[in-house]
Amino acid sequence: MFKVTKREGIARRGEFTCAHGDTVQTPVFMNVGTQGAIKGAVSAHDLKKLGCQIELSNTYHLHLRPGDSVVRQLGGLHRFMDWDGPILTDSGGFQVFSLSGLRKITEEGVTFASHIDGHRIFMGPEESMQIQSNLGSDIAMAFDECVENPAPYEYVKASCERTLRWLERCKSEHDRLNSLPDTINRQQMLFGINQGGTYADLRVWHMKEIAKLDCEGFAIGGLAVGEETQVMYDIIDAVEPFMPQEKPRYLMGVGTPSNIIESVARGVDFFDCVMPARNARHGKLFTWAGAINIKNEKFKLDGRAIDGHCDCPVCQSFSRAYLRHLFVAEEMLAMRLAVMHNLYFYNSLMERIRTALDEGAFEAFRQEYSKKLSGRAN
RNA sequence: GGAGGAGUACCCAAGUGGCCAAAGGGGGCAGACUGUAAAUCUGUUACGUUUCGUUUCGAUGGUUCGAAUCCAUCCUCCUCCA
C-alpha cells in the first residue's frame, strides 16, 4: 500500500507498507545486499543501526548460491538473513546487462552461462517469479532486459516490446504463485519496469502500456547504464507524467547523492544503488561537504571524524587517520566501517530530503546540496 | 689467507654492446566506480624550461662511433675451502 502524503512541485513525500516491517517513509534508499548480505561484512542487524528501511537482494545471485529452494526450505530470505523489514528482490534483468557476454536472449527468456562455473541457467519471466516467490520478498521486480546506452533505436524498440510481453507473463505467473496456499509471502507485490533506452517516444509508449497492468508499483530501469546524466534526467522528465500518481515510482540503480536529489525533484520515490557500498570498499566516503578518498595521504594525521556532522557509529568513534590506516593496512575493518558510514550517509540523505519535503523546503535543500554533494571535500 | 658468486630505480628482480630512462612484480601516489562477475579496475612513480634535454644501473678509470652490458683497480655482501 502506498500513499503520497505531501508534494512540492513534482516531488513527493509518501508512505509505503508491505507484509514486513514498519511503514516505509519515502523517498527511500534501498540498501543493496545482492547475495543476502551487504558487501563489506555488514549484516542485517547492522542495517537496523544504519537507518535502513528496505533491503534489496538479487534473484539471479541467490538462485545460483545458495539456491532459492534452499532459502525457501530455511523459511525464506527474511529469516535466512535475519532481516524482518521489507525486502525487494531484483529480477535478474540487470544481469542481462551486466553479464551481457555470458547470456543469450530469446522470446522465451535468457540463458546465462553462470559467472561462477559456466553452467547454463535458463531464466524467463516465469522462472524469475518462481525464484522471487521462493525467496519470499515483499516486492518482486518484473523480469526485463536492461539495455545498455546508447543502443540502436530498432534494437531498443524490439527489446522493450518484448519486455512488455515478459511483464504480462510475470504478472500472470506472479498472481498464480500468490494464490498458492504454501507460498511463503502471498502478499508479495510486483513492480513493472519501464524501458526504452534513451528514446523518449519509446519510453512514453512503454510506460503507458505497462501502466495498464495492475502492478503495485512502477520502476524506471535502463538508466545510468552509459548515457550522460542530463539524458537520464530528460528521460525521467519525459516518462514521469505517465507514471500512475498513486503508485510508488522506483528509479533502479541510481545513483549519486546528486542524482537522487535531482530525481526526487522529478517525482521518484524509491532508489537503490551499489555506489555507497562499492565506493566505501574502495575508500571513497561521502560527507555533507562532498566526497573524500580516505586513502589519500593528506588524511594520515587527520584526527577528525569522516564527517563532523554525521551521527553514524563510525563517526562517533573513529578518526580519518585511523580509517586511512585500516585501508592502507588492508584490514577488513576498513571496509566494514566505511560501508557503514556510507550507508548511514545515504539513509540520512533520504531522511533530510523527507524532512525538507515535510517542511515545504525541498527546493531550498536541492539548491544547497545537489551540487555540493557531487564535489570534493577537504 | 684461497676459490667462486653477486652488487640495476623506494624494495625484489629481468636485461650481458646500439631498438635502455631500463621488462615484470611489490610498495608509494592519484583516479574511476550508478537494479554488484568489483576487498575491483586504470594511470603514475630519476630530474627538467617535457613532441625535447640532462643525469643514472656499487665507485673510479679505460676500450668503443656507442657501455647497465667489455677491461682494470677499488669498495661491499654471500657461499665453500683453510
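These numbers come from a predicted model, not from an experiment.
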[atom1] atom, [N] versus [M]: distance in rounded Å?
| N | M | atom1 | answer |
| --- | --- | --- | --- |
| B/G58 | B/A32 | C1' | 42 Å |
| B/U44 | B/A68 | P | 25 Å |
| B/U63 | B/A72 | C1' | 11 Å |
| B/G24 | B/G15 | P | 14 Å |
| B/A6 | B/A38 | C1' | 43 Å |

Applying a 3.5 Å limit to both distances, which nucleotide forms a Watson-Crick or G-U wobble pair with [N]?
| N | result |
| --- | --- |
| B/U16 | none |
| B/G7 | B/C75 |
| B/U69 | none |
| B/C57 | none |
| B/C80 | B/G2 |
| B/A21 | none |
| B/U63 | none |
| B/C29 | B/G43 |

Checklist line | For A/Leu56, the rest of its hydrophobic cluster, which grows through side-chain links under 4.5 angstrom | finding: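 Members besides A/Leu56, by chain and number: A/Phe2, A/Val4, A/Phe16, A/Val24, A/Val28, A/Met30, A/Val32, A/Ile54, A/Leu88, A/Ile139, A/Met141, A/Met189, A/Phe191, A/Ile193, A/Tyr250, A/Met252, A/Phe270, A/Val274.
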Notebook entry, point to check: Got a sec, which hydrophobics cluster with A/Phe94, joining ILVMFWY side chains under 4.5 Å apart, including via others?
Noted result: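 In the cluster with A/Phe94 are A/Phe97, A/Val225.
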Note to self: Mind checking if A/Val96 touches a base, just sugar-phosphate, or nothing, with heavy atoms under 4.0 Å?
What the structure shows: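 Contact class for A/Val96: none.
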Check: For A/Ala289, which residues count as a side chain to side chain contact (heavy atoms under 4.5 Å, CB included) partner, sequence neighbours excluded?
Finding: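 Checked A/Ala289 against side chain to side chain contact (heavy atoms under 4.5 Å, CB included); matches are A/Thr287, A/Ala377.
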Next item on the list: Kindly write out the residues that satisfy side chain to side chain contact (heavy atoms under 4.5 Å, CB included) with A/Phe122, not counting sequence neighbours, or none if the list is empty.
Entry: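 Result, side chain to side chain contact (heavy atoms under 4.5 Å, CB included) vs A/Phe122: A/Glu108, A/Thr111, A/Glu127.
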Item checked: Partners passing side chain to side chain donor-acceptor pair (under 3.5 Å) against A/Ser258 (at least two apart in sequence or in another chain) ->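 Expected list: A/Ser370.
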Enumerate the residues from [range] whose closest heavy atom to RNA chain B is under 4.0 Å, giving them by residue number; use none for an empty result.
| range | answer |
| --- | --- |
| residues 140-150 of chain A | A/Asp144, A/Cys146 |
| residues 189-226 of chain A | A/Ile193, A/Gln195, A/Gly222, A/Ala224 |
| residues 315-327 of chain A | A/Arg324 |
| residues 36-58 of chain A | A/Lys39, A/Leu56, A/Asn58 |
| residues 256-263 of chain A | A/Thr256, A/Asn259 |

Notebook entry, point to check: Is there a donor in the side chain of A/Asp68 and an acceptor in the side chain of A/His63, or the other way round, less than 3.5 Å apart?
Noted result: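 Yes, side-chain donor-acceptor contact under 3.5 Å.
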Item checked: Any A/Gln188 side-chain heavy atom under 4.5 Å of A/Ser137 side chain ->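 The answer is yes, as the side chains (C-beta and beyond) meet within the 4.5 Å cut-off.
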Next item on the list: Evaluate whether the aromatic ring of A/His61 and the six-membered ring of the B/U36 base sit under 5.5 Å apart, centre to centre, with an inclination under 30°.
Entry: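 Taking the rule of under 5.5 Å and under 30°, the ring of A/His61 does not stack on B/U36.
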Nearest to the side chain of [X] - [options]?
| X | options | result |
| --- | --- | --- |
| A/Arg281 | B/G35, B/G31, B/A38 | B/A38 |
| A/Arg278 | B/U40, B/G35, B/U36 | B/U36 |
| A/Met275 | B/U36, B/A39, B/U34 | B/U34 |

Next item on the list: List the steps, then state whether side-chain hydrogen bond (donor to acceptor under 3.5 Å, both in side chains) holds for A/Asp307 with A/His309.
Entry: CA-CA 5 Å; A/Asp307 185 326; A/His309 301 289; 5.1 Å; no
Would you mind writing out the side-chain donor-acceptor pairs for residues 322-332 of chain A within the sub-3.5 Å range, not counting sequence neighbours?
from: A/Arg324; atom 1: NH1; to: A/Lys295; atom 2: O; distance (Å): 2.5
from: A/Arg324; atom 1: NH1; to: A/Asn296; atom 2: O; distance (Å): 3.4

Checklist line | Inter- and intrachain pairs under side-chain hydrogen bond (donor to acceptor under 3.5 Å, both in side chains), touching residues 352-365 of chain A, at least two apart | finding: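 Qualifying pairs, neighbours excluded: A/Arg13-A/Asp358, A/Arg352-A/Tyr369, A/Glu363-A/Arg366, A/Glu363-A/Gln367.
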Notebook entry, point to check: Is any side-chain nitrogen or oxygen of A/Gln35 closer than 4.0 Å to OP1 or OP2 of B/U36?
Noted result: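 Checking B/U36 against A/Gln35, no side-chain N or O comes under 4.0 Å of OP1 or OP2.
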